[in-house]
Amino acid sequence: MNKVKINNDIRFSTLATHFPDTVIKNKEYSGFIIYTSLFDTLNLITGEKRFISLHLKSDKRDLKYKELHKIGHDTFVEFDDTLRFRVVFKENGNNFLNGYIEDEVYVDDKNPNGETRIINKVSPLFKPVFVKEK
């Protein structure tokens, strides 16, 4: 029997958030995230697809994935490693950009049922932002 060694030091994905630390209330700001993943190394064949989506919400609270997944949030879909977004903060003080990146690969399995297998990875996103009046 072969033993499999799992190396927890290998990171599946990395992300770098480009967004100001301080913003003005009720003003729209653009930001972006540079995202890299082990899925970047896949050579997809005809019929296989990859989707990267950013699920994002501005909030006064630090939301965890389970909470964010249940409530309404904005979703941005990209097809490369730069995820762009726009956001408005409506309350003064300490706020947060809460979200997650969902990286999905759809693989057509060669099985009698013709099912499509989905391989996915979720990466959390959290950034504190201070919101002030003009």
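Here the structure is a predicted model, which means the values were calculated and not measured. Only this structure's heavy atoms are used, side chains among them; waters, hydrogens and symmetry mates stay out.
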Applying side chain to side chain contact (heavy atoms under 4.5 Å, CB included) to I119 and E104, what does each step give before you reach the verdict? CA-CA 6 Å; I119 305 167; E104 299 178 311; over 6 Å; no

Start with the C-alpha distance between I52 and I101, add both sets of side-chain angles, then the distance that settles side chain to side chain contact (heavy atoms under 4.5 Å, CB included), and finish with yes or no. CA-CA 7 Å; I52 302 170; I101 295 172; 3.8 Å; yes

Is S58 close to F96 at the side-chain level, that is, under 4.5 Å between some pair of heavy atoms? no

Working to the nearest 0.5 Å, report the span between NZ of K121 and CD of E102. 11.5 Å

For the residue pair N92 and E133, what are the closest heavy atoms and their distance? ND2-OE2, 2.9 Å

Are F126 and I34 connected in the hydrophobic side-chain network, where two residues link if heavy atoms are under 4.5 Å apart? no

Rounded distance (nearest 0.5 Å) linking atom NZ of K127 with atom CG of L56: 12.0 Å

Is the distance between the ring centroids of F85 and F32 under 6.0 Å? no

Using side-chain heavy atoms (C-beta onward) and a distance below 4.5 Å, is E28 in contact with V87? no

Hey, what do you get for CG (L83) to NE2 (H18), rounding to the nearest 0.5 Å? 11.0 Å

State, yes or no, whether a side-chain contact exists between K49 and L44 at a heavy-atom distance under 4.5 Å. no

Do the non-hydrogen side-chain atoms of R50 and V107 ever get within less than 4.5 Å of each other? no

hydrophobic_cluster_shared for I24 and F130, side chain cutoff 4.5 Å: no

Once you round to the nearest 0.5 Å, how far does CG of L125 lie from CZ of F19? 10.5 Å

Carefully, step by step, assess N26 and F89 under the rule side chain to side chain contact (heavy atoms under 4.5 Å, CB included). CA-CA 6 Å; N26 294 323; F89 289 88; over 6 Å; no

Run the side chain to side chain contact (heavy atoms under 4.5 Å, CB included) test on V105 and L42 for me, step by step, so that the C-alpha distance in whole Å, both residues' side-chain angles and the decisive distance to 0.1 Å come before the verdict. CA-CA 9 Å; V105 177; L42 295 176; 3.8 Å; yes

May I ask you to decide if the ring planes of F51 and Y106 are parallel, tilted or perpendicular, using 30° and 60° as cut-offs? perpendicular

Do V131 and V88 belong together in a cluster built from hydrophobic side chains that touch within less than 4.5 Å? no

Sub-4.5 Å side-chain heavy-atom contact between I33 and L54: yes

Side-chain heavy-atom pair E91, K25 within 4.5 angstrom cut-off: no

Side chains of S13 and F39: closer than 4.5 Å at any heavy-atom pair? no

So, does N95 use its side chain to make a donor-acceptor pair with the main chain of G93 at under 3.5 Å? yes

